[in-house]
Amino acid sequence: MNFKENLQNEPIFELIARSAAEINVDAYVIGGYVRDLILNRPNKDIDVVCVGSGIELAEKVAKNLEKNDATANVYVSFFKNFGTAQIKSGDIEIEFVGARRESYRHDSRKPLVEDGTLEDDQNRRDFTINALGISLNIKNYGELIDPFGGVEDIKRKLIRTPLEPEITFSDDPLRMMRAVRFASQLGFDIDGKTFDAIAAMKDRISIVSQERITDELNKIVLSKTPSYGFKLLFYTGLLQIIFPEFCELQGVETQDGKGHKDNFYHTLQVLDNVAVKSNDLWLRWAAILHDIAKPATKRFHPKIGWSFHGHEELGGKMTPTIFRKLKLPLDGKMRMVKKLVRLHLRPIALAKESITDSALRRLLFEAGEDLEYLMILCRADITSKDPNKVRKYLANFDKVEEMLVELEEKDKLRNFQPVITGEIIMEVFDLKPSKEVGTIKLALREAVLEGIIPNEFEPSLDYVLKEGEKLNLKPVKSIEEIRPLLSIEE
């Protein structure tokens with residue numbers, strides 16, 4: 001099998017081949033780029049292995065790129081401790097490394113590295129589909145090098161290790177996560193022998209850093225059907241080690257003939273439903289965590305059966321702890337997930353009962369800019385097997401969304417802030433930050449949300465003055481003196 005014609009689509013390959021010949025080394029493009037070329041998937045990340053110095057080859061390629069085009073903006077990164085270099089040219093990233101042989105100690109992922117042959121380098125690859133190489137040498141330019149049957153495994157849609165899986169996973173336990181990740185991304189099966197080795201060696205994952213585990217987990221979350229990856233993690237036993245809180249959702253308890261749904265599989269269905277609508281990683285994490293507190297809030301009542309009261313509030317409180325443990329960001333992304341988990345039942349409640357403007361205002365206020373994501377999550381949460389019930393709930397959601405749009409257009413409450421701020425309240429009454437200021441701010445916000453007053457300057461100021469009077473506060477500034485403060489705040 002020869003890919004000479006395919007390589008012509010990227011002129012960089014001919015330049016790499018010429019550069020390798022000039023310094024008298026053999027070079028090969030290897031790994032994911034070759035795999036994706038066969039799968040007809042776009043890939044701008046190119047790994048080049050040479051039998052010699054990868055850094056020297058990268059330097060030669062960079063010089064030739066600049067020689068061909070004096071205006072070329074070629075950036076080379078050197079990682080001399082690892083013997084690698086990276087070139088960015090346009091939207092392409094090329095990593096150069098010398099062929100190497102690796103050996104591992106049992107208690108470490110850090111290999112002992114020696115110079116090696118192309119065969120040594122392919123032996124150390126994680127899976128047969130990633131051990132494919134294409135020659136960039138003049139004598140056999142474009143020829144496929146497939147020592148482990150990777151092309152056949154691509155045809156069979158199979159993830160398989162090139163060596164005995166126990167050797168591959170013992171050397172680098174992160175490869176167990178990568179097996180699941182590739183299966184989930186590509187829709188492949190994991191070879192039986194490889195699967196059994198993961199299940200047997202799952203505890204080895206404990207020597208891998210949390211950051212690298214979470215990186216693979218996020219790629220599974222972002223795959224087309226993420227539930228497939230999560231099921232593989234669960235059936236191999238990896239999920240129980242890396243995310244035990246999620247596994248606690250699994251199972252159905254029955255008492256007095258009454259059972260509840262399996263919240264593990266329900267959550268995976270919600271995740272898949274969200275994945276159909278959005279590629280946003282953090283919305284997908286909200287789907288994963290939306291029912292995370294159900295095991296902790298599960299109660300049985302003889303008359304009504306099982307309940308999970310307050311699981312949304314507790315789930316919101318659990319979110320920062322889980323993010324911290326998984327080394328996920330603790331910034332606005334986490335706060336969005338926490339908010340969506342806490343609010344995910346609110347639109348469902350509105351869809352079931354008569355809807356008041358006050359309740360809609362509060363939802364607009366609390367959801368803010370994440371309202372669309374909240375509604376996607378709520379719709380995804382309808383996983384009933386009864387199609388009539390699903391249609392009824394979705395129709396009610398349509399009604400809620402229509403009313404939210406109308407109210408937002410009228411009241412402008414999205415990301416609402418009262419026109420009169422705490423700073424203005426302090427100026428009006430000559431106060432320092434205090435309990436009184438907070439009391440007046442809260443009363444003003446509630447009045448706007450309840451529809452008692454519009455969120456406009458004069459009605460709001462009248463309300464603030466009345467609330468101040470209740471606290472025996474007297475204004476020290478007139479309306480004319482206060483109005484300029486409003487423009488300063490804006």
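In this text the structure is predicted, and so the values were computed from the model without any measurement.
- Counting heavy-atom neighbours within 6.0 Å of Q8 CD, excluding the residue itself, gives a total above 12.
- Under the 3.5 Å distance criterion, the side-chain polar atoms of T236 are matched with a main-chain donor or acceptor of L233.
- Heavy atoms of other residues, nucleotides or ligands lying less than 6.0 angstrom from NZ of K325 number more than 12.
- Checking side-chain atoms of E313 against main-chain N and O of R342 turns up no donor-acceptor pair under 3.5 Å.
- Exactly one residue among T168, I198, I207 makes a side chain to side chain contact (heavy atoms under 4.5 Å, CB included) with P173. That residue is I207.
- T194 contributes atom OG1, which lies 7.0 Å from atom CG of L158 (distance to the nearest 0.5 angstrom).
- Put simply, the side chain of P320 reaches to within 4.5 Å of the side chain of K338, judged on heavy atoms.
- To the nearest 0.5 Å, atoms CD1 (I190) and CG (D196) are separated by 10.5 Å.
- In this structure, R181 contributes its side chain and D215 its backbone to no donor-acceptor pair below 3.5 Å.
- With values rounded to the nearest 0.5 angstrom, L377 atom CG is found 10.0 Å from L343 atom CG.
- Classification of K294 and E248 as a salt-bridged pair fails, no side-chain N sitting under 4.0 Å from a carboxylate O.
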Should H311 and L345 be marked as a side chain to side chain contact (heavy atoms under 4.5 Å, CB included) after you check the CA-CA gap, both sets of side-chain angles, and the distance that decides it?
-> CA-CA 10 Å; H311 75 272; L345 289 185; 3.7 Å; yes
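- The shortest heavy-atom contact between M177 and L217 is CE-N, 4.0 Å.
- No donor-acceptor distance shorter than 3.5 angstrom exists from the side chain of R41 to the backbone of D36, with no hydrogens or angles considered.
- Minimum interatomic distance between V180 and G229 (heavy atoms only, all atoms of both residues): CG1-O, 3.3 Å.
- At least one side-chain heavy atom of P347 sits under 4.5 Å from a side-chain heavy atom of L363.
- Looking at D280 and K333, no side-chain N of the basic residue comes within less than 4.0 Å of a carboxylate O on the acidic one, giving no salt bridge.
- The closest donor-acceptor contact from the side chain of D272 to the backbone of S227 lies under 3.5 Å.
- Remark: side-chain polar atoms of Q122 are paired, donor with acceptor, to backbone N or O of A131 under 3.5 angstrom.
- The local environment of CD in E5 is sparse, with at most 12 non-hydrogen atoms from other residues, nucleotides or ligands closer than 6.0 Å.
- Here N123 contributes atom CG and L163 contributes atom CG; the two are 5.0 Å apart, rounded to the nearest 0.5 Å.
- Counting heavy atoms from C-beta on, the side chains of D121 and R125 come closer than 4.5 Å.
- A donor-acceptor pair is defined here as one N or O able to donate and one able to accept, closer than 3.5 Å; such a pair exists between the side chain of K339 and the backbone of A367.
- The shortest heavy-atom contact between D26 and N137 is CA-OD1, 3.2 Å.
- T214 pairs with exactly one of Q210, E216, R212 by the side chain to side chain donor-acceptor pair (under 3.5 Å) rule, that one being Q210.
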Any chance you could lay out the side chain to side chain contact (heavy atoms under 4.5 Å, CB included) test for F169 and T161, step after step, and finish with the verdict?
-> CA-CA 9 Å; F169 296 141; T161 57; 3.8 Å; yes
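- Here the CG atom belonging to D331 is positioned 10.5 Å from the CE atom belonging to M336, to the nearest 0.5 angstrom.
- With a 4.5 Å cut-off on side-chain heavy atoms, Y265 and K231 count as touching.
- Here OG1 of T117 is found 5.5 Å from CD of E119. Values are rounded to the nearest 0.5 Å.
- Put simply, the side chain of H290 does not reach to within 4.5 Å of the side chain of L340, judged on heavy atoms.
- Closest heavy-atom contact between L314 and A296: CD2-CB, 3.7 Å.
- Judged by distance alone, with hydrogens and angles left aside, the side-chain atoms of S53 form a donor-acceptor pair with the main-chain N or O of E56 at under 3.5 Å.
- Minimum interatomic distance between F148 and R160 (heavy atoms only, all atoms of both residues): O-NH2, 2.7 Å.
- Taking the six-membered ring for Trp and thresholds of 30 and 60 degrees, F246 and F264 have ring planes inclined between 30 and 60 degrees apart.
- Counting heavy atoms from C-beta outward, L118 and I30 have side chains that approach closer than 4.5 Å.
- No hydrogens or angles considered: a donor-acceptor pair under 3.5 Å links the side chains of N273 and Q269.
- For the residue pair S170/E166, the side-chain donor-acceptor check at 3.5 Å is not satisfied.
- Looking at E10 and Y33, their side chains come closer than 4.5 Å, going by heavy atoms from C-beta outward.
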Determine, stepwise, if the pair E253 / F300 fulfils side chain to side chain contact (heavy atoms under 4.5 Å, CB included).
-> CA-CA 10 Å; E253 193 172 347; F300 180 78; over 6 Å; no
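- Residues L186 and K157 fail the side-chain proximity criterion, which asks for heavy atoms closer than 4.5 Å.
- Nearest heavy atoms, A287 versus L271: CB-CA, 3.9 Å.
- Classification of the F182-F127 ring pair by plane angle, with boundaries at 30° and 60°, yields perpendicular.
- Here the options are T84, I87, I46, the test is side chain to side chain contact (heavy atoms under 4.5 Å, CB included), and the partner is F96; only I87 passes.
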Side chain to side chain contact (heavy atoms under 4.5 Å, CB included) between R204 and R175: does it pass, once the steps are laid out?
-> CA-CA 11 Å; R204 284 277 288 158; R175 289 167 173 167; over 6 Å; no
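- Side-chain atoms of K277 do not come within 3.5 Å of backbone N or O of V274 as any donor-acceptor pair.
- Side-chain N or O atoms of D47 include none that pairs as donor or acceptor with a backbone N or O of G31 at under 3.5 Å.
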